[in-house]
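Structure, as structure tokens:
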Amino acid sequence: MSGILERLDAGEIVIGDGGFVFALEKRGYVKAGPWTPEAAAEHPEAVRQLHREFLRAGSTVMQTFTFYASDDKLENRGHTQRFTGRQINEAACDLAREVANEGDALVAGGVSQTPAYLSCKSEDEVKATFKKQIDVFVQKKVDFLIAEYFEHVEEAEWAVQVLKTTGMPVAATLCIGPEGDLNGVSPGDCAVKLVKAGAQIVGVNCHFDPVTCVKTVKLMKEGVEKAGLKAHFMSQPLAYHTPDCNCQGFIDLPEFPFSLEPRILTRWDMQKYAREAYNAGIRYIGGCCGFEPYHIRALAEELAPERGFHGLEMHTKPWVRARARRDYWENLKPASGRPFCPSMATPDGWGVTKGHADLMQQKEATSEEQLKALFDKASKGH
């Protein structure tokens, strides 16, 4: 089986998978807030089934369910640590490989941003956190590595540098928009830093919708080309419309995380995203939070017509059969069915980042006193 770089070098389109923490939270296996992946060890049947659904929908990468699986995150804010990071990562690798072997899919081991970085720990301490995770990925012989969901390019560079020591192909994605990372480093400059750190695939994931993410990756591509460097590009956006977001994306929306459904993209929105990403030169196209298998199926259908169409011509109702045409769905403006519901929200935008007192991480659960201070701050407009 050819590897990720061989596939991309040959011009193949790689279809990613979707957002496991959100999908499994909706199914009752993940807790909102910590967003940690204990389910890989505690409920392997649920993780295995979700992998299988993404594979059947068209994913050609099974990303290990290891998001936020560093030990410092697992024990953060009073979250009872029932499993070690190693136990979770080992189980996640086994599940991803088992399902990948059912099709022509690759296994990607993933690491993400750490509480250690937000709490201003040293470069050595942050890198040691990544090192513990990649030891498992090496042992389990994953096909390539992804450093994903980084708000600060500096931490992403550190992650890439650690991942590169394995000799495996490395992808790196930031959760940023066109304004750049939370220190204001532009997408183009971020991409250049990641490529120089050793990433062969760069792009964005999470925090923003497909329109914003494709725009951001275009800026990254321009920066890499202007610097005379070469890389492959990837995009794994949200499955939610976020035109009203600020630089920190959907976590600032008032609807995050329990009222995002009115913003969900349709299959036809996804097909448009797939085509726009492809036209922008992006060849690793997948999704993040909110993506369900049917969204991935839409990407695969758009980019591989031989996979088939929708079969509405078989419907019993003639007015539904009349919808069995592409232009109907492409031009549809779906109604929300919510009277007087605003189409846009006002993001919170507290304007804090690494080093601010509000972001200092702690192992103890948030106290009533701390919560009251946050509630008071929110009610006064920060």
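Count residues from 1 along the sequence. Keep in mind that what you see is a predicted model, and the values were worked out from it rather than measured.
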- Query: Just by distance, with hydrogens left out, do Tyr29 and Glu42 show a side-chain donor and acceptor under 3.5 Å apart?
  - Reply: no
- Item | From CA spacing to verdict: salt bridge (Lys or Arg N to Asp or Glu O under 4.0 Å), Arg27, Glu292 | CA-CA 12 Å; Arg27 291 157 170 78; Glu292 292 283 344; 2.9 Å; yes
- Query: Looking at SG of Cys288 and CD of Gln63, how far apart are the two atoms once the value is rounded to the nearest 0.5 Å?
  - Reply: 8.0 Å
- Transitively linked via ILVMFWY side-chain contacts under 4.5 Å: Val224 with Leu194? yes
- Message: As a quick check of understanding, evaluate salt bridge (Lys or Arg N to Asp or Glu O under 4.0 Å) for Lys193 and Asp181, giving each step before the final call.
- Response: CA-CA 12 Å; Lys193 289 175 180 290; Asp181 83 345; over 6 Å; no
- Task: For the pair Lys140 and Glu90, find out whether any cationic side-chain nitrogen is under 4.0 Å from an anionic carboxylate oxygen.
- Result: no
- Item | Proximity of His51 and Phe65 rings by center, below 6.0 Å | no
- Taking atom types as modelled and ignoring hydrogens, do the side chains of Thr36 and Glu38 form a donor-acceptor contact shorter than 3.5 angstrom? yes
- Note on the structure: When rounded to the nearest 0.5 Å, the distance separating CZ of Phe67 from CZ of Phe22 is 9.0 Å
- Query: Less than 4.0 Å between a side-chain N and a carboxylate O, is that true for Lys132 and Asp72?
  - Reply: no
- In a check of side chain to side chain contact (heavy atoms under 4.5 Å, CB included) between Glu151 and each of Leu174, Ile251, Asn183, Ile176, which one passes? Ile251
- Query: Does Leu238 belong to the same Ile/Leu/Val/Met/Phe/Trp/Tyr cluster as Ile296, with side-chain heavy atoms less than 4.5 Å apart forming each link?
  - Reply: yes
- Classify the side-chain pair Glu157/Gln161 by whether it contains a donor and acceptor separated by less than 3.5 Å. no
- Quick check: does any side chain N or O of Trp268 sit under 3.5 Å from a backbone N or O of Leu332, one acting as donor and the other as acceptor? no
- Let me see the working for Glu12 and Arg283 under salt bridge (Lys or Arg N to Asp or Glu O under 4.0 Å), right down to the final yes or no. CA-CA 7 Å; Glu12 183 176 332; Arg283 292 295 178 268; over 6 Å; no
- Tell me yes or no: between the side chains of His232 and Asp9, is some donor less than 3.5 Å from an acceptor? yes
- Query: Could you give the distance from CG (Asp17) to CG (Leu50), rounded to the nearest 0.5 Å?
  - Reply: 8.0 Å
- Decide yes or no for Val170 and Phe144: does some side-chain heavy atom of the first lie under 4.5 Å from some side-chain heavy atom of the second? no
- Message: I'd like to know if Asp124 pairs up with Lys131 as an ion pair, taking the criterion as any Lys NZ or Arg NE/NH1/NH2 lying under 4.0 Å from an Asp or Glu carboxylate oxygen.
- Response: no
- Item | Flag, side chain of Asp209 to backbone of Thr242, donor-acceptor distance under 3.5 Å | yes
- Task: Hey, can you tell me if Phe250 and His207 have their rings parallel, tilted or perpendicular (30° and 60° cut-offs)?
- Result: tilted
- Task: Tell me, with the steps shown, if Arg86 and Asp135 meet side-chain contact (heavy atoms from CB on, under 4.5 Å).
- Result: CA-CA 9 Å; Arg86 171 168 282 275; Asp135 285 346; 4.1 Å; yes
- Flag the pair Phe137 / Thr64 as yes when at least one side-chain heavy-atom distance between them is below 4.5 Å, and no otherwise. yes
- Quick one: do Leu299 and Gln271 satisfy side-chain contact (heavy atoms from CB on, under 4.5 Å)? Show the steps, please. CA-CA 5 Å; Leu299 303 185; Gln271 294 199 214; over 6 Å; no
- Query: Would you say Ile285 and Ser235 make side-chain contact, with heavy atoms under 4.5 Å?
  - Reply: no
- Working for salt bridge (Lys or Arg N to Asp or Glu O under 4.0 Å), residues Glu102 and Arg52: CA-CA 8 Å; Glu102 296 174 7; Arg52 187 167 289 139; 2.7 Å; yes
- Message: If the threshold is 4.0 Å, N to carboxylate O, is there a salt bridge linking Glu368 and Lys372?
- Response: no
- Message: Assess, by modelled atom type and distance only, whether the side chains of Thr173 and Gln236 contain a donor and an acceptor separated by less than 3.5 Å.
- Response: no
- Would you please test Phe291 and Phe54 for ring-ring contact (aromatic ring centres under 6.0 Å, His included) and show each step? CA-CA 10 Å; Phe291 264 74; Phe54 279 118; 8.3 Å; no
